[in-house]
Amino acid sequence: MFIALVSLDKNTVQWTLQYLSREHNFTQLELESQVPKERGGQRFDTHTQMIEYATQHWQSNLVTTSLHSCTCSDVDTFLRRPFTLLVALESSIENIKKSLTQQLPPSTPALDLAAFLRWFDGAYRAQRDTLSRAQLNIYNGHETEDAFVDVLREANIVDEQRIRPSWDTYFMELADLASQRSNCMKRRVGAVLTQDKRVVSTGYNGTPKGLLNCADGGCKRCNSGVEMGFAECLCLHAEENALLEAGRGRIGECAVLYCNTCPCLGCAVKIVQTGISQVVYNHGYRVDQKTLELFRNAGVVLRHTPMKRRAPSDKSTTDEECDDSDEIAQNQDQDDNSSQATLSESDLAPAEGGGDHSGSGIKSSTIKTASIPLNSPSLNQLATSLGLLITHSDIDVNDVIVKSECLPNKHKQQHAHPSVCHHWLRDSAAAGRILPIALYVLDDYNPNNSEDGSDDLPPNPQSKNACFRIHPLNSPNEHLVHALRILKQDRVARDERWNALAYSRAAAMVKSFPHRIRSKDDIRLQLSYDSNDTVHTKNIGEKKIRAKIEEYLNYGRISEAETIQNSPSHKLYNALCSIQGIGPRRAYELSRTGASSLGELVERGSITQEDVTLAQHLELGIPRTEVSSIAGVVMENARTLLPHPTHAICGGYRRGKSESNDIDILITHHGYTLQQMNEFLANLARRLQDMGFLTKLMRQLSLSDGHSDKHDYQSTLLGVVASSSKYGTTDSAQVTFRRVDIIVCHPHSFHLEVLAWTGSVMYERDLRAFVKRRNLKLNASSVYNEHTNNEVDLSGIRSERHLLAFLHLPWIAPENRNCD
DNA sequence: AGGCCTACG
DNA sequence: CGTA
DNA sequence: GCCT
């Protein structure tokens with residue numbers, strides 16, 4: 001790339017040149033006539049020569065300062081090339097004056113104010129046209145080079161996006177452009193509907209055709225100063241206009257809607273119904289929890305993309321906007337009317353605290369997220385006194401994540417646990433800027449940060465691998481999935497392993513469909529709106545499973561599945577499988593011994609009554625509140641043995657299921673070795689057993705006998721705990737037994753463990769199958785090369801999301817991994 | 001035709 | 001073979 | 001049973 005620096009402040013220019021050559025290996029090109037020789041750089045006689053040279057070498061990093069007093073047409077010649085970037089370095093008057101003074105020969109008398117102003121006026125007038133064309137403005141309000149270099153690093157001048165926008169940026173700017181056409185008196189909103197990277201339609205908000213424009217009084221509600229009901233508003237939203245403009249027939253399977261503002265609930269409903277697969281927004285808007293849930297459940301991806309091409313100016317000059325990403329559990333927006341119209345910037349201002357919060361407006365390309373264990377000494381009391389766990393509803397965890405743009409300034413750069421004051425934390429929680437860690441474990445990975453190497457990969461609904469697809473939490477095709485699962489179970493029982501796998505895969509595929517499947521055309525994936533090209537749905541073969549699904553669509557049932565389900569032996573088989581220690585093989589044998597019920601088998605002595613009773617307990621779903629309270633008991637005891645542990649509740653709970661089968665708790669600790677963690681787990685197990693909470697250890701830990709040096713501890717504990725749904729009850733009839741898995745791990749492999757223990761099975765399976773194609777082998781605790789056996793160092797992995805990007809996999813929200 | 005996730009007990 |  |  002070829003960068004031209006323009007500025008009134010020579011010192012700032014010099015600092016920037018040095019920074020660019022030092023940290024990004026830039027070569028300086030200058031015009032003989034413009035820049036004194038002693039400034040260095042490769043010399044040219046004319047603009048044309050310099051630009052031609054740059055064209056030949058456009059792939060290297062080049063910089064010039066010779067454009068500052070060029071004519072407009074020279075600047076335009078420069079800007080026409082596709083590899084150029086004009087950067088304006090603005091500076092405080094103080095800095096400019098200092099630079100000027102330093103340039104003057106030592107003999108000159110001190111510069112008086114009037115003389116300085118005359119010089120400034122002239123210099124500014126000469127550069128005004130050039131400055132106004134700059135694609136990036138950087139402001140230097142600092143006195144020292146070091147401080148300014150930090151600003152330069154933050155600005156990330158070398159970001160290729162400014163030179164050539166990504167697709168996201170491209171469409172988002174089009175959406176912004178569309179919004180300029182808006183005549184709504186409340187707010188400008190624009191949307192662009194795309195399909196296969198082509199624009200299908202655009203829209204902006206305003207009154208419908210034939211009515212007076214909103215700005216001309218067409219909509220009473222928007223023009224009146226007083227609050228009126230949203231029902232009074234006649235304005236169509238930009239999203240609606242874009243959808244209406246496109247029409248139903250032109251919206252295919254992979255349509256993406258770009259909105260410069262996050263859609264309201266009303267639009268979200270329409271977006272889901274028209275079959276849009278992804279929504280990308282720019283401006284943070286109070287994302288209603290219901291909107292978020294709606295998109296999640298419907299399998300519509302909601303992404304946030306910042307406008308990278310916008311100049312990240314100095315922090316203190318930026319307005320404040322909280323770039324909430326879609327994963328933030330926002331407060332419910334009480335005011336339905338507020339939709340697109342009444343958002344005030346102050347609503348988004350950060351919670352006060354820590355003094356100066358002028359930095360909170362930094363662009364999201366620099367946002368980092370910090371995890372703050374509330375049990376760290378500085379925050380421990382805060383957490384309890386705040387009742388933060390109550391603030392954050394059903395998730396009962398002790399760690400929270402605070403996005404750092406919401407942190408008080410002094411903590412911005414720190415990775416260590418910051419301390420924040422009481423009311424700051426409370427207000428941030430109330431404003432929805434604190435995330436429950438159970439869902440987003442240490443997720444300080446920001447895919448928009450170019451330092452993180454690569455952006456998130458997009459999900460691929462057509463992939464045969466479940467780890468590329470989005471599976472709505474609640475499938476609209478539940479019955480079909482159920483029928484396929486019965487066929488799967490039957491194949492397992494018959495020991496037809498691979499046939500069973502195929503049915504599992506088919507069911508997972510069906511689970512990834514965001515819409516109810518009504519006809520056989522629905523199970524083909526449309527390639528694009530303007531052709532009839534369809535692709536065959538992976539994992540649903542042309543011969544067998546396809547026929548079964550068509551049978552289901554025609555008759556509402558699959559006869560084979562009905563038969564299996566109604567057969568007594570199948571019922572017994574299922575019941576047997578749910579007993580701990582009895583798998584498909586034994587269940588198959590027992591179910592064909594002529595017995596008709598579990599009771600009969602107990603009488604025969606084939607199975608025990610205890611096993612049956614326990615199975616009945618464990619079969620009951622566990623509500624989320626109980627999962628978190630059981631995890632709470634475990635962690636409470638864990639803390640007496642291990643100060644400040646890091647933990648995550650994984651499994652179905654993390655996948656957002658309303659009821660879990662068991663409780664999966666993953667624990668680690670910074671600075672502990674795996675062996676120390678294993679010893680801790682053994683102690684925890686003993687403690688929980690002693691207090692009568694853990695009633696059964698299903699995988700016996702081999703505890704050290706104290707004589708030998710050999711420790712073979714386990715890092716996984718599988719057990720059963722007695723849980724009372726009624727708090728404090730002593731009535732044994734109220735006790736339900738629940739499965740608990742406690743896993744400890746090395747801190748470096750924490751995120752990998754989270755990934756592994758979150759599931760679902762099909763997701764994990766396809767994940768491993770996929771990385772295997774790149775010779776990587778992946779298990780719960782390590783990634784290594786299959787051939788060389790070299791282990792991949794994961795100590796730099798900052799989050800599960802970062803890990804997935806590292807593995808070249810898209811980040812699928814845990815709630816959308818429910819594929820089996 | 002050959003593979004289908006991986007590891008542990 | 002059973003289990004995560 | 002389905003994919004490569």
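From a predicted model like this one, the values you see are computed outputs, not experimental measurements. Just so we're on the same page: letters track the sequence lines, and every chain starts at 1.
- Rounded to whole Å, the distance from CG on A:Leu717 to C1' on B:dG9 is 15 Å.
- Using C1' as the reference atom, B:dC5 and C:dT3 are 14 Å apart when rounded to the nearest Å.
- Each of D:dC2, B:dA7, D:dC3 was ranked by its minimum atom distance to the side chain of A:Asn779; first place goes to B:dA7.
- Salt-bridge annotation for A:Arg654 and A:Glu815: absent, with no side-chain N of the basic residue lying under 4.0 Å from a carboxylate O of the acidic one.
- Distances shorter than 4.0 Å separate some side-chain N or O of A:Arg765 from OP1 or OP2 on B:dC5.
- Heavy atoms of A:Ile582 sit under 4.0 angstrom from primed sugar atoms or phosphate atoms, though from no base atom.
- Note on A:Asp741: only backbone sugar-phosphate atoms sit closer than 4.0 angstrom, heavy atoms only; bases stay farther off.
- Across all strands shown, A:Arg586 has heavy atoms under 4.0 Å from sugar-phosphate atoms exclusively, and none from any base.
- With no hydrogens or angles considered, no side-chain donor-acceptor pair links A:Asn637 and A:Thr640 at under 3.5 Å.
- D:dT4 atom P lies 10 Å from atom CZ of A:Arg505, rounded to whole Å.
- An aromatic stacking contact between A:Trp498 and the base of D:dC2 is absent, as defined here by ring centres under 5.5 Å apart and ring planes under 30° from parallel.
- Summarising the geometry, the separation between CD1 on A:Ile558 and P on D:dG1 is reported as 12 Å, rounded to the nearest angstrom.
- Rounded to a whole Å, the CZ atom of A:Arg546 is 11 Å from the P atom of D:dC2.
- Using a 4.5 Å heavy-atom threshold, the side chains of A:Leu666 and A:Cys745 count as touching.
- Each salt bridge (Lys or Arg N to Asp or Glu O under 4.0 Å) pair with one or both residues in residues 555-568 of chain A, not counting sequence neighbours, appears once here: A:Arg491-A:Glu560, A:Lys548-A:Glu560.
- When heavy atoms are screened at a 4.0 angstrom cut-off, A:Ile545 is found touching the sugar-phosphate backbone but no base atom.
- To the nearest angstrom, C1' of B:dC5 lies 16 Å from CZ of A:Arg774.
- Defined by atom type and a distance below 3.5 Å, a donor-acceptor pair is missing between the side-chain atoms of A:Asn818 and A:Ser760.
- For A:Lys538, whose side chain is taken as the heavy atoms from C-beta onward, the closest listed nucleotide among D:dT4, D:dG1, B:dT6 is D:dT4.
- Across all strands shown, A:Arg773 has no heavy atoms under 4.0 Å from either base or sugar-phosphate atoms.
- The side-chain heavy atoms of A:Ser723 and A:Glu626, taken from C-beta on, include a pair separated by under 4.5 Å.
- The separation between A:Asp766 atom CG and D:dC3 atom P is 13 Å, rounded to whole Å.
- Candidate nucleotides D:dG1, D:dT4, B:dA7 were compared by shortest atom distance to the side chain of A:Arg491, and D:dG1 ranks first.
- Residue contacts for A:Glu542: at a heavy-atom cut-off of 4.0 Å it reaches no nucleic acid atom on any strand shown.
- Chain A approaches DNA chain C within less than 4.0 angstrom (heavy atoms of the protein), and the contacting nucleotides run 5' to 3' from C:dC1 to C:dA4.
- Residue A:Leu501 contributes atom CG, which lies 14 Å from atom C1' of B:dT6 at whole-angstrom precision.
- The aromatic rings of A:His669 and A:Tyr672 are tilted relative to each other, their planes meeting at an angle between 30° and 60°.
- At the phosphate of D:dC3, neither OP1 nor OP2 sits under 4.0 Å from any side-chain N or O atom of A:Lys464.
- In this structure A:Asn661 satisfies the side-chain contact (heavy atoms from CB on, under 4.5 Å) test with no other residue, sequence neighbours excluded.
- Taking atom P on both nucleotides, B:dC8 is separated from D:dG1 by 33 Å, rounded to a whole Å.
- Between A:Lys772 and B:dT6 there is a side-chain polar atom (N or O) within less than 4.0 angstrom of OP1 or OP2.
- The shortest distance between the side-chain N/O atoms of A:Lys777 and the OP1/OP2 oxygens of B:dT6 is below 4.0 Å.
- Nearest nucleotide to the side chain of A:Tyr503, out of D:dG1, D:dC3, D:dC2: D:dG1.
- With respect to the salt-bridge test (charged N to carboxylate O, under 4.0 angstrom), the residues A:Glu800 and A:Arg817 qualify.
- Residue contacts for A:Leu484: at a heavy-atom cut-off of 4.0 Å it reaches no nucleic acid atom on any strand shown.
- Atom CG of A:Leu752 is separated from atom C1' of B:dC5 by 14 Å (rounded to the nearest Å).
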